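Since the structure is predicted, the reported quantities are computational estimates derived from the model, not experimental observations. Just so it is clear: chains get the letters A, B, ... in the order the sequence lines come, proteins before strands, and each one is counted from 1.
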Amino acid sequence: MSNAKLEQLMTSLQEQKLSDGTGLSIEMFDGENSVASIMVEDREEFPIYMTVDEGQILCISYLYGEDEVNPDKRTEMMESMLLMNISIPLSAFSKIGSQYIMFGALSPRSSIDELLHEIELLSDNVLEAIDAVSDYLKEK
Amino acid sequence: MSIFKKLFTAVRGGATEVGEAIVDSQAIRILEQELRDSKTALNDAKTNLTAIMAEKMGVDRKVKDLAEKIKEHEGYAIQAMDKGDEGLALEVANKIAEFEHELNIQQGVCEGYASKITTLKKMIRQTERNIQAMGREISVVKTTEKVQKANELASAKFSGSNSALQSATDSLERIKARQQKREDQSEAALELESEEGTGDLTARLKNAGIVDSDSSGSSVLERLKKQKGNG
């Protein structure tokens with residue numbers, strides 16, 4: 001049931017562009033067809049994964065792994081992320097396994113416009129967030 | 001333990017390496033078992049509630065019957081007194097006292113059932129909410145696991161064998177560079193367009209004879225001669 005909803009959303013998103021005309025490419029990304037991968041043009045490094053269940057539409061983007069964090073600044077980084085969380089529009093920090101992520105959740109009844117807005121904001125937020133925490137990451 | 005706390009344990013899973021399962025499947029299985037147990041408990045509670053409601057209805061009927069009987073016998077007692085039959089009246093009054101005693105007991109039972117029903121209904125509502133929340137949260141945990149797998153597939157596909165070498169800051173730099181390049185390109189295109197635009201305008205002005213088509217030495221001399229002649 002959820003997968004049908006996801007496919008329907010993907011089809012509707014396929015023809016859409018972000019407000020500045022940036023294109024999107026969307027594909028199913030797992031064997032069970034339950035996760036869609038949305039790539040924002042020119043930002044393919046940070047794909048957005050979209051899933052749908054009865055409760056919510058989840059949009060998730062991976063930021064970086066634990067191995068990229070400077071161990072001496074880890075606690076400080078965590079605190080900054082917690083402090084930043086509330087002021088980031090529509091997105092929030094979280095962690096899946098050893099990966100730091102940013103995500104946004106929407107009602108399954110959201111319109112395509114709302115979903116597009118979410119994708120656009122999340123994509124912007126991801127870049128902003130990495131920029132903001134880069135001081136806590138390992139030096140290259 | 002609260003559902004949140006259990007889930008917290010489940011998603012911690014102990015996995016720290018990429019590729020390792022992030023969700024403790026054993027913990028999820030336990031949660032799912034608990035969800036099933038809760039559903040069974042909910043069904044039991046509902047059956048229980050129906051039974052108690054049925055019993056209360058029976059007691060309600062008894063209370064009503066007793067109240068009617070008391071009223072009826074009060075009538076009899078008054079009639080007996082009217083006839084001056086004190087003995088009979090006392091007998092009826094004793095009967096009424098018996099009924100009242102029974103009524104008190106049944107009313108107590110009835111109140112007991114009523115409060116039990118309220119408690120059960122509250123409990124059922126709470127269990128239903130818990131079941132919903134549990135189902136939602138298990139679903140989210142499973143989703144994150146799927147997303148994790150998808151991300152591993154994607155990063156392998158996107159960056160080939162170098163995925164481990166590409167840091168987030170590198171990616172950000174690359175994206176910024178691409179954005180800058182794109183902006184430069186569109187700026188250059190805009191500049192070119194405006195230059196071409198002016199070029200085009202000059203040509204059209206020439207064609208219209210508004211701008212001198214070929215300003216040459218001879219045309220300048222011609223103009224100076226005219227000026228001299230006029231002056």
S19(A) versus E120(A), side-chain donor and acceptor atoms under 3.5 Å: yes

Evaluate side chain to side chain contact (heavy atoms under 4.5 Å, CB included) for I60(A) paired with I48(A), printing each intermediate quantity in order. CA-CA 5 Å; I60(A) 296 177; I48(A) 293 168; over 6 Å; no

Using a strict cut-off of less than 4.0 Å between a Lys/Arg side-chain nitrogen and an Asp/Glu carboxylate oxygen, indicate whether R182(B) and E41(A) qualify as a salt bridge. yes

Residues from residues 109-118 of chain A approaching chain B under 4.5 Å (heavy atoms): none

Any ion pair linking K142(B) and D53(A) (charged N to carboxylate O, less than 4.0 Å)? no

Evaluate whether atom CD of Q33(B) has more than 12 neighbouring non-hydrogen atoms of other residues, nucleotides or ligands under 6.0 angstrom away. yes

Sort L58(A) into side chain, backbone, both or neither according to what part of it lies under 4.5 angstrom from a heavy atom of chain B. side chain

Counting heavy-atom pairs under 4.5 angstrom with chain B, the leader among I101(A), D42(A), L137(A), V133(A) is D42(A)

Under 3.5 Å side-chain donor-acceptor pair for Q180(B) and D184(B): yes

E128(A) versus chain B, heavy atoms under 4.5 Å apart: side chain, backbone, both or neither? neither

Non-hydrogen atoms of chain A under 4.5 Å away: do they reach the side chain of Q179(B), the backbone, both or neither? side chain

Counting neighbours of CG on L224(B) that are heavy atoms of other residues, nucleotides or ligands and sit closer than 6.0 Å, is the number greater than 12? yes

Given a strict heavy-atom distance threshold of 4.5 Å, which part of L63(A) is in contact with chain B: side chain, backbone, both, or neither? backbone

Does any N or O in the side chain of K46(B) come within less than 3.5 Å of the main-chain N or O of I124(B), such that one atom is a donor and the other an acceptor? no

